[in-house]
Amino acid sequence: MYYVFFVGTAGSGKTTMVKEFQDYLLDQEMDASIVNMDPAVESLPYVPDFDVRDYIDSRDVMQRFGLGPNSSLIVSIDLLLTKATEIKSDLGNIESNYVLVDTPGQIELFAYRDSGRTFSSLLVGDNKSVNVFLMDSFLAKESRSYVSLLLLSSSVRFRLGTPQVNVLSKTDLLSKEELERVTSWGEGENLLDSLGTIDDYSFELVRTLMESLEVPPLPVSSQTRQGFDELYALIQRILAGGEDFE
Ligand code: GTP
């Protein structure tokens with residue numbers, strides 16, 4: 001069994017991609033289940049096979065502890081960890097080869113807090129996992145935001161310590177010129193020029209960051225399924241060493 005976590009800033013397209021990627025796998029006769037890890041989400045475009053909302057009521061957490069939505073999410077994940085035995089047992093009912101995990105938009109859960117890593121480990125157990133980090137094209141088309149998103153991706157990767165694939169989400173919203181420009185940045189071209197004047201610290205930071213990229217961010221669109229074949233191949237290479245998941 002392989003776990004694929006979809007992680008990214010709020011609204012970067014995680015939920016939509018989880019749904020579309022499941023449909024894409026099912027179309028190719030591969031079985032894929034979905035885990036919803038967001039206790040506060042109100043409606044979902046898919047039917048989750050495992051849903052944290054069955055274990056925690058985030059509205060109740062907000063009221064009981066007098067919290068706002070962000071801190072309520074953090075407390076909810078902590079409370080979920082107290083139900084680890086029950087969760088572990090229920091997860092045993094999932095039998096598909098692929099488990100797609102839709103995560104909350106509060107990315108600090110994965111970038112800065114141990115509870116995100118602990119809960120992910122609870123889900124994954126002895127199985128292998130990979131993170132798909134969504135860089136929202138709407139933000140990434142601006143060079144400074146592009147760098148910031150890569151730094152955030154690095155934080156998540158460092159914090160979780162699992163293999164990670166960067167994707168540029170919603171590329172159907174970019175013009176041909178914008179897409180070409182952003183793609184060229186990932187290939188190590190033109191990014192420093194696009195940043196304009198930057199101080200020595202930032203120059204070195206960007207240079208090291210780009211050198212550390214194993215694979216350029218992959219352009220994908222959940223609307224057109226652009227990049228889905230490449231994303232599948234990349235995930236497969238990381239998780240199964242190129243073997244099919246069937
Ligand atoms: P949070 O859970 O709130 O963090 O959001 P999310 O990351 O799950 O994003 P979601 O899938 O809810 O998408 C946010 C918005 O972007 C929705 O209006 C989607 O319809 C839209 N969207 C997602 N993916 C795409 C895409 O590939 N192309 C286009 N054009 N819109 C998209």
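By convention here, the first residue in the shown sequence is residue 1. Remember, it's 1-based here, ligands and their atoms both numbered in the order they're listed.
- For Arg113, the CZ atom sits in a loose shell: 12 or fewer heavy atoms of surrounding residues, nucleotides or ligands are nearer than 6.0 Å.
- Using a 4.0 Å cut-off between heavy atoms, Leu173 contacts ligand 1 through its side chain alone, with no backbone atom that close.
- Below 3.5 Å of separation, one finds no N or O of Thr103 facing any N or O of ligand 1.
- In terms of N/O distances under 3.5 Å, ligand 1 is approached by Gly11.
- Residue Asp38 has no nitrogen or oxygen atom sitting less than 3.5 Å from a nitrogen or oxygen atom of ligand 1, judged on distance alone.
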Could you go through residues 37-49 and list every donor-acceptor pair under 3.5 Å that involves a side-chain atom there, pairing it with any protein atom two or more places apart or in another chain?
unit_1, atom_1, unit_2, atom_2, d
Asp38, OD1, Ala40, N, 3.0
Glu42, OE2, Arg59, NH2, 2.4
Tyr46, OH, Asp102, OD2, 2.5
Asp49, OD2, Ile34, N, 2.8

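- Closest to atom 7 (O) of ligand 1 among all protein heavy atoms lies Lys14 NZ, 2.8 Å.
- Salt-bridge annotation for Lys19 and Asp23: present, with a side-chain N of the basic residue lying under 4.0 Å from a carboxylate O of the acidic one.
- The main-chain N or O of Ser72 is found under 3.5 Å from a side-chain atom of Ser76 such that the two form a donor-acceptor pair.
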Exercise. Yes or no on ring pair (Phe, Tyr, Trp, His ring centres under 6.0 Å) for Tyr55 and Phe50, after CA distance, side-chain angles and deciding distance?
Worked result: CA-CA 10 Å; Tyr55 304 83; Phe50 178 91; 5.3 Å; yes

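- Side-chain polar atoms of Thr224 and Asp172 form no donor-acceptor pair below 3.5 angstrom.
- Per-atom contact check: atom 1 (P) of ligand 1 touches the protein, criterion being a heavy-atom distance below 4.0 Å.
- Of the protein's heavy atoms, none falls inside 4.0 Å of atom 17 (C) of ligand 1.
- Among the atoms of Gly13, some N or O lies under 3.5 angstrom from an N or O of ligand 1.
- Near Gly105, meaning under 4.0 Å from one of its heavy atoms, ligand 1 places the atoms 4 (O).
- Remark: the Glu142 side chain and the Tyr146 side chain contain no N/O donor-acceptor pair separated by less than 3.5 Å.
- The shell of residues lying under 4.0 angstrom from ligand 1, judged by heavy atoms, includes Ser221.
- Regarding atom 19 (C) of ligand 1, its nearest protein heavy-atom neighbour is Thr16 OG1, 3.7 Å.
- For atom 25 (C) of ligand 1, the nearest protein heavy atom (residue, atom name, distance) is Lys170 CG, 3.5 Å.
- Donor-acceptor pairing under 3.5 Å is lacking for the side chains of Ser169 and Asp136.
- Taking atom 27 (O) of ligand 1 as the reference point, the nearest protein heavy-atom neighbour is Ser222 N, 2.8 Å.
- Defined by atom type and a distance below 3.5 Å, a donor-acceptor pair is missing between the side-chain atoms of Ser143 and Ser194.
- Closest to atom 30 (N) of ligand 1, if we only count protein heavy atoms, is Asp172 OD2, 2.8 Å.
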